[in-house]
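Position 1 is the first residue of the sequence; numbering continues from there.
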Amino acid sequence: MPLPLPVPIGFELPEGWLPARPEGLDAWEVAFAAVHPQPDAGFAANITVDGGFPKDGVTLAEIADASVEGLREFGESVAVVHRREVGFADAPALGQRLSFSAAADGTRRELVQSQAYLTVVDTEDPRKRAMIRLALTATADQHDRVLEDFQDFVRSVRPDSGAES
């Protein structure tokens with residue numbers, strides 16, 4: 001069972017990407033996951049979505065730092081390659097790229113993860129702001145080839161009130 005997001009969002013999956021089976025999401029602890037149809041050396045690039053309501057005063061940079069520490073629990077040589085805060089005071093966002101080594105299916109791989117942290121207003125209570133984390137994980141060799149798809153995915157994310165437009 002996928003984890004619920006703190007606020008409903010809509011998005012467009014990049015062409016060719018396939019939604020992961022819901023029963024497989026438990027292990028990833030995410031609300032949504034998609035995989036690239038062409039694995040690189042046996043590893044399928046993936047996009048994941050999760051989120052929550054941060055505690056008052058917690059910044060996106062602090063949440064991103066915690067994500068790096070969480071990755072260190074199962075990855076080795078975790079490094080923040082790039083980090084940039086963007087957005088506006090009332091809608092901050094943060095992007096970061098991490099490199100790390102991890103075992104997947106018994107094989108050690110050099111991986112890259114691009115993360116985007118977005119602040120989304122709760123459509124039911126505009127005083128509440130949720131954090132949505134979008135992540136692309138791919139082999140170091142494949143990352144740059146699928147990065148544009150991920151960027152398109154991030155640009156497509158929007159609050160979803162459930163009303164058809």
Electrostatic pair Lys128:Asp56 at N-O distance under 4.0 angstrom: no
Evaluation steps, side-chain contact (heavy atoms from CB on, under 4.5 Å), between Gln115 and Leu98: CA-CA 8 Å; Gln115 300 176 336; Leu98 311 172; 3.7 Å; yes
Shortest non-hydrogen contact from Thr119 toward Pro92: OG1-O, 2.8 Å
Spatial distance of atom CD (Glu69) from atom CZ (Arg72) [nearest 0.5 Å]: 4.5 Å
Ile132 with Ile63, same ILVMFWY side-chain cluster at under 4.5 Å: no
Which side-chain N or O atoms in residues 6-20 pair as donor and acceptor under 3.5 Å with protein atoms at least two apart or in another chain?
from	atom 1	to	atom 2	distance (Å)
Trp17	NE1	Asp149	OD2	2.8

Nearest non-hydrogen partners of Leu5 and Asp50, listed with the distance: CD2-C, 3.6 Å
Val49 reachable from Val154 in the ILVMFWY side-chain graph, under 4.5 Å edges: yes
Nearest heavy atoms of Leu134 and Phe150, plus distance in Å: O-CZ, 3.5 Å
Atom pair CD/CG of Gln96 and Leu60 - distance to nearest 0.5 Å: 10.5 Å
Selection residues 37-96 - residue pairs positive for ring-ring contact (aromatic ring centres under 6.0 Å, His included), sequence neighbours left out: none
Under 3.5 Å donor-acceptor pairs involving side-chain atoms of residues 31-42, not counting sequence neighbours:
from	atom 1	to	atom 2	distance (Å)
His36	ND1	Gln38	N	3.1
His36	ND1	Gln38	O	3.4
Asp40	OD2	Thr139	OG1	2.4

Shortest non-hydrogen separation from Ala138 to His143 and the atoms involved: CB-CA, 3.8 Å
Pair Ser101-Glu76, side-chain donor/acceptor within less than 3.5 Å: no
N/O donor-acceptor pair under 3.5 Å between Arg158 side chain and Ser156 backbone: yes
Single-linkage hydrophobic cluster, 4.5 Å side-chain cutoff, Val68 and Leu111 together: yes
Side-chain heavy atoms of Val146 within contact of Leu136, under 4.5 Å: yes
From OG (Ser99) to CD (Gln113), nearest 0.5 Å: 11.0 Å
ILVMFWY network linking Val112 to Val78, side-chain heavy atoms under 4.5 angstrom: no
Nearest non-hydrogen partners of Glu62 and Gly57, listed with the distance: OE1-O, 3.7 Å
Lys/Arg N to Asp/Glu carboxylate O, Arg109 vs Asp141, below 4.0 Å: no
Enclosure of Arg108 CZ (heavy-atom neighbours >12, cutoff 6.0 Å): yes
Taking every non-hydrogen atom, the tightest pair across Phe100 and Thr137: CZ-CG2, 4.2 Å
